[in-house]
Amino acid sequence: MVAPISRREVAQRQDELFHTHSPKAAAMMIGWTLTCGGVGGRIVETEAYDPSDPASHSFPGPTARNAVMFGPPGVIYVYRSYGIHWCMNLVCGEHPGSAVLIRALEPTHGLDVMAERRGVADPRRLMNGPGNVCQALGVTVAQNGMRVDEAPFVLEPGPAGAIAVGPRIGITKAADVPWRFGEAGSRFLSKPFPKL
DNA sequence: ATGACGATGCACT
DNA sequence: GTGCATCGTCATG
């Protein structure tokens, strides 16, 4: 066991994260632990979005849906995907309209709860994709705009292995921008990273 | 009022 | 690998 990190240092690291340009923040977040209501795990896959990026929800400017992306950093932006799934981002960056999509977690907390919510038992399938992450954590639009550093959320730094980088998934615009990040070799990724 | 689209996941081949 | 469910959001009339 490692000595627990102080409350003050957590706040310091969070503040740094919240104010880092999203592609760098997305890489920094790998290995951090995210839970909601005591349920969650280690972040192993993220994607960065930025207002200058045609693939970003913030690209067209503020609307009712993306409003929280343009507010203060450190809050959760939740949107509905394909009419079915919820996906969550952490708003963070050097300027408004930047966020990091949480794509996959390695389950560490509340495995039983997640298995029931997801309807699957395999730990590798609990949070392997942004829609599944939200289903496992119980996150919906009801959490849109909530701070990630306050209940029911907990976000704490943690160690990570080598970081893999690649193109983002499921987008057609700016599909070549390498703003997908993950823990290399993790068994909990939504998809493997393309080899170099 | 209406239509096109999508930062997905799952069933199926 | 392909097909598709399903609906909020936004652009248009």
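Chain letters run A, B, ... following the sequence lines, proteins first, then strands; residues in each count from 1. This structure is a prediction, so every number in the text was calculated from the model and none was measured.
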Under 3.5 Å, sequence neighbours excluded: what are the donor-acceptor pairs made by side chains of residues 33-44 of chain A?
{"residue": "A:R42", "atom": "NH1", "partner": "A:E106", "partner atom": "OE1", "Å": "2.7"}
{"residue": "A:R42", "atom": "NH1", "partner": "A:E183", "partner atom": "OE1", "Å": "3.2"}
{"residue": "A:R42", "atom": "NH2", "partner": "A:P159", "partner atom": "O", "Å": "3.0"}
{"residue": "A:R42", "atom": "NH2", "partner": "A:E183", "partner atom": "OE2", "Å": "2.9"}

Exercise. Go through the structure and list residues passing salt bridge (Lys or Arg N to Asp or Glu O under 4.0 Å) with A:D53, not counting sequence neighbours.
Key: A:R168
Self-check item: Which residues share a salt bridge (Lys or Arg N to Asp or Glu O under 4.0 Å) with A:R117, sequence neighbours left out
Solution: none
Self-check item: Outermost DNA chain C nucleotides near chain A [under 4.0 Å, heavy atoms]
Solution: C:dA5 to C:dC10
Exercise. Indicate yes or no for a side-chain donor-acceptor contact from A:S58 to the backbone of A:S98 under 3.5 Å, with no hydrogens or angles considered.
Key: no
Exercise. List for me each residue that meets salt bridge (Lys or Arg N to Asp or Glu O under 4.0 Å) alongside A:R147, sequence neighbours excluded, and say none if there are none.
Key: A:D149, A:E150
Quiz item: Tell me, which pairs form a salt bridge (charged side-chain N to carboxylate O under 4.0 Å, His left out) where one or both residues lie in residues 152-161 of chain A, sequence neighbours left out?
Solution: none
Quiz item: Looking at A:F59 and A:P51, what are the two nearest heavy atoms and their distance?
Solution: CD1-O, 3.2 Å
Exercise. Return the set of residues passing side chain to side chain donor-acceptor pair (under 3.5 Å) with A:N132 (not counting sequence neighbours), or none when no residue passes.
Key: A:R118, A:N128
Quiz item: Knowing that exactly one of A:V139, A:L101, A:V133, A:I102 qualifies, which makes a side chain to side chain contact (heavy atoms under 4.5 Å, CB included) with A:C87?
Solution: A:L101
Practice problem: Check DNA chain B against residues 48-65 of chain A and give the residues with a non-hydrogen atom under 4.0 Å, in numerical order. | Solution: A:Y49, A:A55, A:H57
Quiz item: How would you list all residue pairs meeting salt bridge (charged side-chain N to carboxylate O under 4.0 Å, His left out) that involve residues 7-31 of chain A, not counting sequence neighbours?
Solution: none
Exercise. For residues A:C134 and A:H85, determine if any side-chain heavy atom of one lies less than 4.5 Å from a side-chain heavy atom of the other.
Key: no
Practice problem: Indicate for each nucleotide in nucleotides 8-13 of chain B, in 5' to 3' sequence, whether protein heavy atoms under 4.0 Å reach the base (B), only the sugar-phosphate (S), or nothing (-). | Solution: BSS---
Quiz item: Does anything in residues 89-103 of chain A pair up under salt bridge (charged side-chain N to carboxylate O under 4.0 Å, His left out), and if so which pairs, sequence neighbours excluded?
Solution: A:E45-A:R103, A:E47-A:R103
Quiz item: Under a cut-off of 3.5 Å for both distances of each Watson-Crick or G-U pair, what dot-bracket string does DNA chain C give, using [ ] for crossing pairs and | for inter-strand pairs?
Solution: |||||.||||||.
